[in-house]
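Below: one structure, written as structure tokens.
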Amino acid sequence: MPGTGKRTNEGTHGRKDAPARGKAVRRSVRASLLPASERIGEIISRLQRRYPEARCSLEHRDPLQLLVATILSAQCTDVRVNLVTRDLFRKYRAAGDYAAADPAVFESEIRSTGFFRNKTKSVIGMAQGLLERFSGRVPDTMDDLTSLPGVGRKTANVVLGNAFGKDEGVVVDTHVARLTGLLGLTEQTVPEKIEQDLMRIVPRRRWTLFSHLLIHHGRAVCIARRPRCDACPVADLCPSAEV
DNA sequence: ATCCCGAGGG
DNA sequence: CCCTCTGGAT
């Protein structure tokens, strides 16, 4: 086999941190901002006004579809995931369909989402777990969901919050990790620790909404490659904003 | 801390 | 070419 293409991959989360933006960060002007706990309310309020339509952007009709879509979403845009699942969900309708899938065929079907070998093992293994331990149904608790292969806290939080309407945790994806760091809502870089900080300062009833707001903001304005601080509704509440 | 991996933006 | 995209397992 073409074996290891040894692509120089880099980590996934928490890029070392790149304060670099060519210019030495000039945050002295906003050095005197209120603590996170006193800015969070206004931040959520303004983002909600800006993105009133913020919701889960992974297309799904039931918990199983959302679970599969979320597993496929790792390091991949939601647009591409939706493109793949549109055909996938037509063929695989129940846990048993995924559990009985031919790995080679499934790999080719989700290939464009990247990490296709790992994702195939995760989806098929997850489906087999559903059949063996949950009667083929997607469980609605954090412990049961994370007991499934390929399902971590992030994926479990997405399913719990969007398919079951339960705010069990805060979804910390690449956008949430980046933006909360820039906003000075946490000093942590490990997703789980970021989530712990956010669960303390964000009202529980807003946990799911909060993630959607940051994800939308991260795509539209606070873009990783080039944040548009000039168009940001919370720039005056952000210690990293470069006017 | 590393690896898995394709696709699109700049 | 380099970076980023709704991560999880080792």
Side-chain angles (χ1 to χ4, degrees), chain A residues 1-22 51 54-60 65-85 88 103 106-126 129 142 145-163 169-182 188-195 198 207-228:
Chain A
M1 289 338 287
T4 88
K6 78 159 153 181
R7 309 268 63 192
T8 57
N9 295 317
E10 2 79 31
T12 302
H13 319 103
R15 209 67 285 252
K16 202 46 148 332
D17 202 67
R21 191 72 308 120
Y51 311 107
R55 58 179 174 69
C56 181
S57 48
L58 292 173
E59 290 172 18
H60 63 284
Q65 289 193 343
L66 181 57
L67 180 50
V68 171
T70 306
I71 289 174
L72 297 182
S73 75
Q75 298 298 291
C76 175
T77 61
D78 60 318
V79 173
R80 179 151 299 281
V81 171
N82 290 334
L83 207 58
V84 170
T85 56
L88 202 68
F106 197 81
E107 281 183 3
S108 69
E109 292 169 331
I110 68 165
R111 182 176 172 288
S112 68
T113 65
F115 294 165
F116 60 89
R117 295 190 184 85
N118 285 343
K119 289 175 180 176
T120 291
K121 289 177 183 172
S122 292
V123 172
I124 293 178
M126 174 278 290
M142 178 63 72
L145 281 168
T146 54
S147 76
L148 296 164
V151 182
R153 273 197 73 91
K154 186 270 178 180
T155 296
N157 277 330
V158 169
V159 174
L160 289 169
N162 301 288
V170 179
V171 172
V172 178
D173 69 333
T174 178
H175 292 298
V176 175
R178 185 179 75 256
L179 271 63
T180 54
L182 289 171
Q188 303 300 322
T189 56
V190 176
E192 270 197 17
K193 292 193 174 184
I194 291 175
E195 184 182 0
L198 297 178
W207 285 354
T208 299
L209 168 68
F210 181 70
S211 298
H212 288 150
L213 292 175
L214 288 193
I215 290 169
H216 278 255
H217 191 50
R219 288 173 178 153
V221 177
C222 194
I223 303 165
R225 290 174 183 282
R226 193 191 181 312
R228 299 182 190 168

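Given the structure is predicted, the values throughout are model-derived calculations rather than measurements. Quick note on labels: first sequence line is chain A, next is B, and so on, each numbered from 1.
- Residues from residues 155-162 of chain A lying near DNA chain C, meaning a heavy-atom separation below 4.0 Å, are Thr155(A), Val158(A) in numerical order.
- Among the heavy atoms of the strands lying under 4.0 Å from Arg111(A) are primed sugar atoms or P, OP1, OP2 only; no base atom is included.
- Shown here are the side chain to side chain donor-acceptor pair (under 3.5 Å) partners of Arg228(A), two or more places apart in sequence or in another chain: there are none.
- Each of dA7(B), dG8(C), dC5(B) was ranked by its minimum atom distance to the side chain of Arg117(A); first place goes to dC5(B).
- In this structure, the CG atom of Leu182(A) is 11 Å from the P atom of dT4(C), given to the nearest Å.
- When the P atom of dG6(B) is taken as reference, atom CG of Leu83(A) falls 17 Å away, rounded to whole Å.
- Looking at residues two or more places apart in sequence or on another chain, you find no side chain to side chain donor-acceptor pair (under 3.5 Å) involving His216(A).
- Partners of Glu109(A) according to the side chain to side chain donor-acceptor pair (under 3.5 Å) rule, which considers only residues two or more places apart in sequence or in another chain, are Lys91(A), Tyr92(A).
- One can place CG of Leu72(A) at 13 Å from C1' of dC5(B), the figure rounded to the nearest angstrom.
- With rounding to whole Å, Leu58(A) atom CG is found 12 Å from dC5(C) atom C1'.
- dC5(B) sits 14 Å from dT10(C) when the P atoms are compared, rounded to a whole Å.
- By the 4.5 Å heavy-atom criterion applied to side chains, Tyr51(A) and Val221(A) are counted as neighbours.
- Within 4.0 Å (heavy atoms only), Val151(A) reaches sugar-phosphate atoms of the nucleic acid but no base atom.
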Scan the side chains in residues 148-155 of chain A for donor-acceptor partners under 3.5 Å anywhere in the protein, sequence neighbours excluded, and list what turns up.
from	atom 1	to	atom 2	distance (Å)
Arg153(A)	NE	Glu195(A)	OE1	2.8
Arg153(A)	NE	Glu195(A)	OE2	3.4
Arg153(A)	NH2	Glu195(A)	OE2	2.7

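- Thr208(A) is linked by a side chain to side chain donor-acceptor pair (under 3.5 Å) to Asp167(A), counting only residues two or more places apart in sequence or in another chain.
- Per the geometry, CZ belonging to Phe116(A) stands 22 Å off P belonging to dC5(C), to the nearest Å.
- The Phe115(A) side chain lies nearest to dC4(B) when the options are dA7(B), dC4(B), dC5(C).
- Residue-level contact check: Thr113(A) touches neither bases nor backbone, having no heavy atom under 4.0 Å from any strand.
- Regarding Asn118(A), its CG atom lies at a distance of 5 Å from the P atom of dC5(B), rounded to whole Å.
- With respect to Asp173(A), the side chain to side chain contact (heavy atoms under 4.5 Å, CB included) criterion is satisfied by exactly one of Leu214(A), Asn157(A), Thr70(A), Ile215(A): Ile215(A).
- Note: CD (Gln75(A)) to P (dG9(B)) measures 17 Å, nearest angstrom.
- Residue order along DNA chain C, read from the 5' end via each residue's closest nucleotide, puts Val171(A) first among Pro149(A) and Val171(A).
- Going from atom NE2 of His216(A) over to atom C1' of dC5(C) covers 15 Å, rounded to whole Å.
- Checking dC5(C), dG6(B), dG8(C) against every side-chain atom of Thr174(A), the shortest atom distance belongs to dC5(C).
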